[in-house]
S.K.: 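Here it is: the structure, laid out below.
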Amino acid sequence: MFFHEKMQNYTDPEQLAAAYLSNYFKNQKIEYPINPFQMLTDEGILFSLSNFKKLEGVYIPISDGKDIPVVGINANRPITRQRFTAAHELCHHIHDANNKQITCPILGKKTQIERFADQFAAALLMPIQELKAQVNKRKNRQGNVSFDDVIEISEYFGVSFEACVFRIAYQIHAISGNIEPDELKRRIKKYSPDTVRKTKRMSYFRLYANLIDSFKEQLSFQPNDHVRYIFMNNYIYNDSRMEGVNVTQEQAAEI
């Protein structure tokens, strides 16, 4: 799978995700959960899990013809969040490749580029037509689904319960009651999806298996010194900056 310049021209993240899925799977049937780690690998992107403190992830594009793009994903986050971050960084690769390295903070106000990548990630992992199909299987007479239904749907797509609730609430309008963002988060917290998952004996085994299978393909790849330098230099610089430490690119290179 290679980069397509025309994808930079998309202004709607839903349309971009749909176009990417169509091009990636072609005539093959999509199997869920979609594996965004494999997509990174197929794009020729070297990804790694890193102990970021304030970053969800980072995207470092190529700097010359001998270089390769690199993605770092927060190793301390849940597997569902790591999958979302992988899809998010994929968006930076196909849509924002003309930019310099992009850091994705956990907290703080998001830029337009970050919001676009978040929306792309949700649309990539939960394609709207398949999401509607899963909702239609479970909806009540009023056309809504319960939180118990949503947890099954989130399991099907391999996404977090919260991400699934918000997408169903705002894209399909199938969550009853007060769906104002803060109130919806309060309702989710009260529902305690992690506890419910345990009672239902749900497992993230498939998601970890997808990650491991994709990572294995990269084990045979040995980055050259230039690639290592680029990654470590930008990692140290961005991680220090997000931690509030005033470090220049030159100082990061010395470290």
Side-chain angles (χ1 to χ4, degrees), residues 7 10-40 56 77-91 94-95 110 114-181 183-185 187-189 191 193-194 196-197 200 202-207 209-211:
M7 291 188 175
Y10 279 82
T11 58
D12 185 298
E14 292 278 343
Q15 293 180 2
L16 176 59
Y20 187 86
L21 288 170
S22 177
N23 187 69
Y24 184 85
F25 288 102
K26 297 188 175 6
N27 296 324
Q28 298 177 12
K29 180 181 178 181
I30 299 178
E31 298 291 337
Y32 295 94
I34 287 171
N35 187 351
F37 303 112
Q38 188 62 47
M39 290 176 169
L40 292 178
E56 294 289 5
R77 301 289 274 161
I79 182 62
T80 50
R81 179 67 231 193
Q82 292 173 354
R83 285 167 46 78
F84 191 91
T85 298
H88 176 111
E89 304 304 338
L90 175 64
C91 181
I94 66 174
H95 190 257
K110 295 190 176 184
E114 287 297 283
R115 291 194 299 271
F116 187 101
D118 275 351
Q119 293 168 16
F120 169 89
L124 186 82
L125 298 177
M126 296 176 278
I128 193 65
Q129 292 304 321
E130 183 63 23
L131 184 61
K132 287 180 179 179
Q134 294 301 315
V135 167
N136 288 338
K137 289 180 180 180
R138 300 167 173 85
K139 66 182 181 182
N140 58 24
R141 293 182 179 180
Q142 288 72 43
N144 297 318
V145 289
S146 68
F147 276 9
D148 283 344
D149 295 323
V150 175
I151 206 163
E152 292 180 0
I153 296 173
S154 67
E155 177 78 1
Y156 176 81
F157 287 107
V159 298
S160 72
F161 178 78
E162 180 173 310
C164 195
V165 167
F166 272 79
R167 186 154 171 79
I168 292 173
Y170 300 134
Q171 296 296 322
I172 302 180
H173 309 290
I175 300 292
S176 62
N178 188 341
I179 59 170
E180 189 275 330
E183 175 61 19
L184 198 50
K185 288 183 179 180
R187 292 173 60 189
I188 290 171
K189 183 177 181 180
Y191 178 72
D194 289 340
V196 175
R197 283 185 56 84
K200 292 179 176 290
M202 291 179 169
S203 169
Y204 289 126
F205 177 80
R206 289 184 305 164
L207 306 187
N210 284 345
L211 169 60

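The figures that follow rest on heavy atoms only: side chains count, while hydrogens, waters and symmetry mates do not. Residue indices begin at 1 and follow the sequence shown.
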S.K.: Search all heavy atoms of Leu131 against all heavy atoms of Met126 and return the closest pair with its distance.
M.R.: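 Heavy atoms only, the tightest pair is CB-O, 4.3 Å.
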
S.K.: Please confirm whether the backbone N or O of Arg77 pairs with a side-chain atom of Gln82, one donor and one acceptor, at under 3.5 Å?
M.R.: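 Pair found, side chain donor or acceptor close to backbone of Arg77.
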
S.K.: Check whether any side-chain heavy atom of Asp149 lies under 4.5 Å from a side-chain heavy atom of Val135, and answer yes or no.
M.R.: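 Of all side-chain heavy-atom pairs linking Val135 with Asp149, none is under 4.5 Å.
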
S.K.: Tell me, do Met39 and Leu21 make a side-chain contact under 4.5 Å, heavy atoms counted?
M.R.: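 Yes, at least one pair of side-chain atoms sits under 4.5 Å.
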
S.K.: Indicate the atoms forming the closest heavy-atom contact of Ile179 with Ala169, along with that distance.
M.R.: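 Closest approach of Ile179 to Ala169, heavy atoms only: CD1-O, 3.9 Å.
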
S.K.: Would you say that Thr80 contacts Leu207 through its side chain, given a criterion of any heavy-atom pair below 4.5 Å between the two side chains?
M.R.: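 Yes, side chains in contact.
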
S.K.: Determine, using ring centers only, whether Phe116 and Phe120 are less than 6.0 Å apart.
M.R.: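 Not close enough - the centres of the two rings lie 6.0 Å or further apart.
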
S.K.: Indicate yes or no for a side-chain donor-acceptor contact from Thr85 to the backbone of Arg81 under 3.5 Å, with no hydrogens or angles considered.
M.R.: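 The answer is yes, because a donor-acceptor pair under 3.5 Å joins these two groups.
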
S.K.: Going by side chain to side chain donor-acceptor pair (under 3.5 Å), His88 matches just one of Arg83, Gln119, Glu114, Glu56. Which one?
M.R.: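 Only one of Arg83, Gln119, Glu114, Glu56 forms a side chain to side chain donor-acceptor pair (under 3.5 Å) with His88, namely Glu114.
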
S.K.: Looking at side-chain heavy atoms only, is the closest gap between Gln15 and Tyr20 below 4.5 Å?
M.R.: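 With C-beta onward as the side chain, the pair stays apart.
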
S.K.: Please give me the minimum heavy-atom distance between Phe147 and Phe161, naming the atom from each residue.
M.R.: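 Nearest pair, atom of Phe147 first, then Phe161: O-CE1, 3.4 Å.
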
S.K.: For the pair Ile175 and Asn144, evaluate side chain to side chain contact (heavy atoms under 4.5 Å, CB included) and give the outcome as yes or no after the intermediate values.
M.R.: CA-CA 5 Å; Ile175 300 292; Asn144 297 318; 5.9 Å; no

S.K.: Between atom OG of Ser176 and atom CG of Asn140, what is the distance when rounded to the nearest 0.5 Å?
M.R.: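 Those atoms lie 7.0 Å apart.
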
S.K.: Is there a donor-acceptor contact under 3.5 Å from the side chain of Asn210 to the main chain of Asn35?
M.R.: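 No: the side chain of Asn210 does not pair with the backbone of Asn35.
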
S.K.: Can any side-chain N or O of Asn136 pair as donor or acceptor with the backbone N or O of Lys132 at less than 3.5 Å?
M.R.: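 Between the backbone of Lys132 and the side chain of Asn136 there is a qualifying donor-acceptor contact (under 3.5 Å).
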
S.K.: Could you go through the side chain to side chain contact (heavy atoms under 4.5 Å, CB included) check for Ile168 and Ile153 one step at a time?
M.R.: CA-CA 10 Å; Ile168 292 173; Ile153 296 173; 4.1 Å; yes

S.K.: Can we say Glu155 and Arg197 salt-bridge, meaning some charged N sits less than 4.0 Å from an Asp/Glu carboxylate O?
M.R.: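 Arg197 and Glu155: salt-bridged.
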
S.K.: Run the side chain to side chain contact (heavy atoms under 4.5 Å, CB included) test on Met202 and Ile151 for me, step by step, so that the C-alpha distance in whole Å, both residues' side-chain angles and the decisive distance to 0.1 Å come before the verdict.
M.R.: CA-CA 10 Å; Met202 291 179 169; Ile151 206 163; 4.0 Å; yes

S.K.: Taking side chain to side chain donor-acceptor pair (under 3.5 Å) as the criterion, tell me which of Lys137, Arg138, Gln134 meets it with Glu152.
M.R.: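 Of Lys137, Arg138, Gln134, side chain to side chain donor-acceptor pair (under 3.5 Å) with Glu152 is met by Arg138 alone.
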
S.K.: Kindly give the heavy-atom pair with the smallest separation between Ser160 and Ser154, and that separation in Å.
M.R.: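 Shortest heavy-atom separation between Ser160 and Ser154 comes out as O-CB, 4.0 Å.
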
S.K.: Is any side-chain heavy atom of Tyr170 closer than 4.5 Å to one of Pro181?
M.R.: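 A side-chain contact exists here, since the closest heavy-atom pair is under 4.5 Å.
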
S.K.: Can you find a pair of side-chain heavy atoms, one from Lys185 and one from Phe166, that are under 4.5 Å apart?
M.R.: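 Yes, at least one pair of side-chain atoms sits under 4.5 Å.
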
S.K.: State, yes or no, whether a side-chain contact exists between Ile34 and Pro127 at a heavy-atom distance under 4.5 Å.
M.R.: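 Yes; the side chains approach each other to less than 4.5 Å.
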
S.K.: Could Glu130 and Arg167 be called an ion pair, given the rule that one side-chain N must be under 4.0 Å from one carboxylate O?
M.R.: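 No, Glu130 and Arg167 are not salt-bridged.
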
S.K.: Test your reading of the model: is there a side-chain donor-acceptor pair from His95 to the backbone of Tyr10, 3.5 Å cut-off?
M.R.: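 Here the side-chain-to-backbone pair exists.
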
S.K.: Taking all heavy atoms of Phe157 and all of Leu125, pick out the closest pair and write down the distance.
M.R.: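 Heavy atoms of Phe157 and Leu125 come nearest at CD2-O, 3.2 Å.
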
S.K.: Tell me if a side-chain donor or acceptor on Asp118 pairs with a main-chain N or O of Arg115 at a distance below 3.5 Å.
M.R.: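 Such a contact is absent between Asp118 side chain and Arg115 backbone.
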
S.K.: Begin from the C-alpha positions of Phe84 and Val159 and carry the test side chain to side chain contact (heavy atoms under 4.5 Å, CB included) through to its verdict.
M.R.: CA-CA 7 Å; Phe84 191 91; Val159 298; 5.9 Å; no

S.K.: Please report the interatomic distance CZ(Phe37) to CG(Leu211), rounded to the nearest 0.5 Å.
M.R.: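 Output value for this atom pair is 4.5 Å.
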
S.K.: Closest approach of Ala123 and Pro13, non-hydrogen atoms and distance?
M.R.: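 Nearest heavy atoms, Ala123 then Pro13: CB-O, 4.4 Å.
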
